Structure formats: structure tokens, C-alpha cells
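Naming: A, B, ... by sequence-line order, numbering from 1 per chain. Any value given below was found using the heavy atoms of this structure, including those in side chains, with hydrogens, waters and symmetry copies removed. Fair warning: this is a prediction, and the values are worked out from it, not measured in the lab.
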2 protein chains.
Amino acid sequence: MSSLRSIPTLDDVARAAGVSTATVSRCLNSPDRVIEKTRIKVMAAVEQLGYTPNFGARAMAAKRTFTIGAIIPTMENAIFARGLQAFQEALHARGYTLLVSSSGYKADVEAEQIRALVARGADGLLLIGRDRDPSIYEFLQHRSVATLIAWTFEKGSTQPSIGFDNHAAMKALATAVIGKGHQHIGLISGIIEGNDRAAGRYAGICDALRAHGLDATAMPIIETPYEVENGAAAFADMMQRTPRPTVVMCGNDVLAVGAMKRARDMGLRVPEDVSITGFDDIELARIVTPELTTMHVPHRDMGQRAGEELVNMLEGTSAGSVVELECALKLRASLGPPPA
Amino acid sequence: MSSLRSIPTLDDVARAAGVSTATVSRCLNSPDRVIEKTRIKVMAAVEQLGYTPNFGARAMAAKRTFTIGAIIPTMENAIFARGLQAFQEALHARGYTLLVSSSGYKADVEAEQIRALVARGADGLLLIGRDRDPSIYEFLQHRSVATLIAWTFEKGSTQPSIGFDNHAAMKALATAVIGKGHQHIGLISGIIEGNDRAAGRYAGICDALRAHGLDATAMPIIETPYEVENGAAAFADMMQRTPRPTVVMCGNDVLAVGAMKRARDMGLRVPEDVSITGFDDIELARIVTPELTTMHVPHRDMGQRAGEELVNMLEGTSAGSVVELECALKLRASLGPPPA
DNA sequence: TTGTAAGCGTTATCAC
DNA sequence: GTGATAACGCTTACAA
């Protein structure tokens, strides 16, 4: 019975094909270094026995796994989904496997997962954002794990990275908002501590305000984890402030959508009574009514290029570059002029 | 310089602590089998050297990895996110690590990923739905990888599984729809081939129709992958059919939301001109306007219990049970009576 | 309680 | 082109 047969090893295949284990290994890894006749014989044995290489053994002997790990802050909303999908596809096309973990925006969980992935032999890692305990980067370097930072770009950074300038992008969005005539902006931000993207976006708004002679320190700001419910709660809170903001800018679309929902529940019309903006331009942004003014982030492009870059780093084709991607302002119905 | 030091092994730790590798191994795996004094000495060395066990070697020697794999059809929308998050938390609490892959609803990709995860030593696997080439189950059994099927329940199934009755749930929803007076239902379904959940939901609607003396074979049906855009396109198509459906039931919330968006773009009011229903009750369902009538699936509960069950199976506490979870009808504004 | 040593299943370096 | 054989880093009887 097949279920009694134990798991076949290289040795079993070699025996069945009447060759050495070295030859079987070659057939699997560099088929061209083996004469066709032998190869066919070996492959038949592989097939017949249902052989699958043991990954641990292979990793140990080859010091290479063709596996790349990615740790994203969350899978619960779509922010990283698109980019990750594209990343995965790019890796797959180059023969690599992607393993994903999510940290729930918790630094210690992330550190643990980085170790887990490295211990499992990940050749490379995709990390989101740059704010991280330095010891982690030391560890990664020590283990010579190729590491690429995504979702953020910083001029003159030394870390290989691909992303966009969160600061500049949010500044552009805020500038557009101010251009509509708004003087009272309220900000619902993600948790800024340990999150350079959130920090950059916040700073971008302040910059825009200052550039227009407005007082950035007066801006009401609520920090809360990126969840719809939190956006809703923060919005309600924000509407109590004095002076009441005429526009609520949100750190991402998820918060913004929560804010819009609460506005609706509170009987406030968007944008007649209050304007709302997001960031990311995930699918959600065009599903809600009214459609959300937001900053488009090239998720797919970023993911795909991240995949290619990481593979290139692994294969020595690239030393790890720093690439900046462009965002695009999406002016939609949720932003209007301030109420008269 | 620390970056010149090579990666420490058990041997290095043993040498540094002045004990054997066996003792170090014991300190790490069964600390109580080692006298405190030695343990302290060893742990200090571990710490000082920054030692991390090599996973491949450990897996090979111990034939156990405390790793569980999950393969979900997609990460691009939130359908599986909630459940997976809860699953992950449950595993983490029991000391297991979760590795996730997504198959893009493609059977061959899934098969490949199953092999990849098993080769990496996954002790157990979480799979979505039961439709799958039998050889996969044979393979899994042969490798004695504990496997749990989620998101679906079938009475009398022999596979360990946890889920809900897609057929009964959709039948209940359809019954509610018919109860509102609808005679012309259009269905926008996910791809049914190879997807028992989609198939069950379809059959459930047919059942409900028949139970009310309506002709199920006359129901217009469009099959399309679960994406917002596809839901929108299918809806437009559906509105051309004669007789025009008074309600469009969708295979899940993602399709439904796409349909709602298109309805709005076409100038059709929901539910005055046409009703729309979904399935899953993901967050999205209550974000859209009007809120979506749908079937609530206990995602978190399912994920959490799946995690516990799988660990129990691994640790011999459970032989693998078949558990059914209840869904709950959510009647919201997107469903109304048919237009006069 | 601790040490010795035999695997675990590959890959890679040599010879042949 | 192919075959021995030595790593690779760890766990686990078995001995001491």
C-alpha cells in the first residue's frame, strides 16, 4: 500500500535508477550537466516514487533556499495586499517562493518573525518601512540576508529600498486641500511611533500648512490604529473640536472610509458639510459614496519591482538600489470647498 | 568586528560554555532536563554569541518544526483576512508559527504551494474548501501532515474540517429574498468549477427557488472571479437580461459591492430599482451605501477554532473533528421588495 | 546530569 | 558524465 511506503529520499531514487545520489541531485539541479539517457531514467524513478526533495537538508547543504520572506504590518485590510500580490508574482516568475507573515504593527512580533524567517533559510526579506531597532539590521547583515525596504523612500538612504516619499505626497495632498480654501484641517493619523510612513505624512501636512502661513501646531490630530472602526470613532471625536475642522484628512483610506461612514451616520454630508481625504487609493476609495479624494500609491508597480530587485540582489545583479516611485493625486468628490 | 564573525552554531555555543552540544540542545529544548547551573552558563553563551538554531538542521533531526502552513485563495480582498488573523493568533498562543501562501484560486498553484510548505517541514496545513485532486490528499496523508479543511462544512465528511454549510446558508438568504416578493433572481457567482463553496451557494439558491415553485433553471447566472470590477461588469450584463432580475444575488460581498457601484453609475437606485445581496459580511458590507444584505460568516471564530483544532491534532489531543459553525442572516438596506 | 556518536537528506568537491 | 565522500547543524538514543 502506498501509505505504508515511507518517504522516498535521494538515496531511494538513486537506487531505483541505478545511479549515485550525486547524479540524481544533478538531474534535479543542473539537468544539462547530465546525459539525456541517464536523466530520463532518473526522472522516471523520481516520478514513480513521488520523490520530493527535503527542504531542510537542501538548505543545509546548499545554503540557499530560493525562498523570500515578507513581513507586512497587517493582512486585515487591503493596504498591502495588492503590492504583495505583485511581489509574489514577480518572485514566482524568477523561481522563488514567497512566505508571508504579518506583525500586527508590533515591533517585537516583527522582530520575532524576522528571526523565524531567517532561521527557515529565507535568502531575502521584504520589510515595510525603515523605522526599526538597529540590532535587527545588524542581525540581517550578519546573516547576509538580502533585505529590501518598501513603502517608503528617503533621499540619500543607504538601505536598499523602493517606495515613495510619504512626506512629499501628503504635502501635495494637503496643498490641494488648502487650495480649495480650507483653513481648518483635522488629521486622523495612524500611530506615528515606529512608523516612518505615518510620521512622514504628518510632517507633510504641517509643511503645507506652514507654506501657506497657517499654524501647523494648531492642527487637531488623533492617532489611532488603521482600522475602519477607529476612523469612525476618531471622526466623531474630531467633530467636537473647536473650531470644527472643515476637512478631515486621514492617514490612509481605511481610516477615511471609517470617517465617511460615521459622517453619514451623524447626518453630515460629504463634502457639503465636511470634506474627507484618504491616502493609498485602495479599491475601497472608489467604492464608497462619494468617492474618496486620496493619494494614489503605485502598489502593483512597487511590489513587482521590489520582487525583481530583491532577486537581482540575491543573484548579484544588483547591489541594492534606492528607487523612488511617484504617487498621483486623485481628486474626487469627497473633497469640496469648506462650507460657507 | 561582529560582522566578520561567522554564524554561530550549536558547537560554538557548546565550546564557549564548556559543555557538549547535547547539553546545549537540551537547554534549548527541554531546560528541565539540565541542572540550573549549567543552564545559566549555556544561556549566557547563547546570548553572548547571538545564537539562533538552524531551522533546516533542526527539522531534519527532529522531524518536527512547529510550523503550520495555510494556503488561501487570495489575499487581495478581505474575505480570508479576518479568519486568518485569528488563526494566526491561536497558533501563536500555542507556540506555532504560521506561514501563508496564496494560490490565486488556481488549483495547480495551490498544489505547488502545498508541496513547498510540506517540503519546508510544515507539521500541519490549513486548506480552504474541499474540492481538490485526490492525489493531494494522498500525498498529505503519506507525509503524515495534519490537514484541516476550513470555510466549508459537509455532513458526514471524513476530512477533519471546520466551516459552515454554504448550501444551507445561501438557501436561507435566497428564501428571505423570495419572501420579499422577488420572482426574478439573477446570480453573480464566483467560478464554480473546483470551488465547493461557490457550488454550494449556487445550489442553495436553486433549492430555495424550487421550494417556492419557481424555475431554478431559468435563473440567469454569471460566473466570474471574485473581484469588485468583475462584479460591476457582471451587473451591467445582468441588467440587460430579459426579464430583468429584480434582485441580483452575489456569490460574495466583493462581487456585490462591485454590483452596487455599477448600479449607482448606471443611475439605478438600490433597493428601489433593484436589490442586491452579498455573502460573507466582511467589513465592506457595512461601509457601502446602502448597507449590504448578506450572510454573516463567523470568520474570527472559525479561524481561532481552526488554529486550536490543528494544534490539537498535531499534539494527539484530537483525531480531527468535523465542526459546523452557524451563519447569520443580515438583512440590511440593499434588499427591498421588487419594484412595483 | 552530562557526554559520545550516529544519523537526518542534501549538495559540492574531487577523482575517475 | 558519473561516483565517492565529506560536510552542513542539529537531536537523540545510549553510555558513562
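- The side chain of Ala61(A) sits closest to dT10(C) out of dA12(C), dT10(C), dG1(D).
- The separation between Phe66(A) atom CZ and dT10(C) atom P is 16 Å, rounded to whole Å.
- The listed nucleotides are dG9(D), dC8(C), dT2(D); the one nearest the side chain of Met60(A) is dG9(D).
- Distance alone, capped at 3.5 Å, places no donor-acceptor pair between the Asp123(B) side chain and the Ile68(B) backbone.
- At the heavy-atom level, Thr52(A) lies under 4.0 Å from the strands shown only through sugar-phosphate atoms.
- Under a 3.5 Å cut-off, the side chain of Gln113(A) and the backbone N or O of Ser102(A) do form a donor-acceptor pair.
- Of the candidates Ile128(B), Ile71(B), Asp108(B), Ile71(B) is the only one forming a side-chain contact (heavy atoms from CB on, under 4.5 Å) with Ser103(B).
- The side chain of Val34(A) has dT2(D) as its nearest neighbour among dT10(C), dG9(D), dT2(D).
- Set against dG3(C), dC10(D), dA12(C), the side chain of Ala22(A) has dA12(C) as its closest nucleotide.
- Of the candidates dG3(C), dC8(D), dC10(D), the closest approach to any side-chain atom of Arg58(B) belongs to dC10(D).
- Between Ala57(B) and Arg33(A), it is Ala57(B) whose nearest contact on DNA chain C lies nearer the 5' terminus.
- Proximity note for Thr21(B) (side chain, C-beta onward) versus dG3(C), dT10(C), dA5(C): the nearest is dA5(C).
- Base engagement by Ser25(B) is indicated by at least one non-hydrogen atom pair under 4.0 Å involving a base atom.
- Taking 3.5 Å as the limit, the base of dG1(D) and the side chain of Arg39(A) contain no donor-acceptor pair of atoms between them.
- Close to dC8(C), at under 4.0 Å from its OP1 or OP2, lies no side-chain N or O of Thr9(A).
- Counting non-hydrogen atoms under 4.0 angstrom, Ile35(A) reaches the backbone sugars and phosphates but no base.
- Protein atom CD1 of Ile7(A) is 12 Å distant from nucleotide atom C1' of dC8(C), rounded to whole Å.
- The residues Arg300(A) and Glu76(B) are annotated as salt-bridged, a charged nitrogen and a carboxylate oxygen being separated by less than 4.0 angstrom.
- Candidate nucleotides dG7(C), dT11(C), dG1(D) were compared by shortest atom distance to the side chain of Asn29(A), and dT11(C) ranks first.
- No side-chain heavy atom of Gln159(B) sits under 4.5 Å from any side-chain heavy atom of Arg130(B).
- We find that CZ of Arg64(A) is positioned 13 Å from P of dT11(C), with the value rounded to whole Å.
- As a whole-Å value, the separation of Lys41(A) NZ from dG3(D) P is 8 Å.
- Checked by atom type and distance alone, the side chain of Asn312(B) never pairs as donor or acceptor with a backbone atom of Ser318(B) at under 3.5 Å.
- Under the 3.5 Å distance criterion, the side-chain polar atoms of Arg143(A) are left unmatched by any main-chain donor or acceptor of Phe139(A).
- Rounded to a whole Å, the NZ atom of Lys63(B) is 15 Å from the C1' atom of dA13(D).
- Protein atom CG of Asp11(B) is 13 Å distant from nucleotide atom P of dT11(D), rounded to whole Å.
- Among the atoms of the strands shown, none is found under 4.0 Å from any heavy atom of Phe55(B).
- In this structure, Tyr105(B) and Ile191(B) have side chains that are not in contact, with every pair of non-hydrogen atoms separated by 4.5 Å or more.
- Regarding Arg120(B), its CZ atom lies at a distance of 18 Å from the P atom of dG9(C), rounded to whole Å.
- The shortest distance between the side-chain N/O atoms of Ser20(B) and the OP1/OP2 oxygens of dG3(C) is below 4.0 Å.
- Whole-Å rounding puts the Leu10(A) CG to dG3(D) C1' distance at 14 Å.
- Note that the two end axes of the helix from dT1(C)-dA16(D) to dC16(C)-dG1(D) enclose an angle of 30°, each drawn from 5 base pairs, rounded to 10 degrees.
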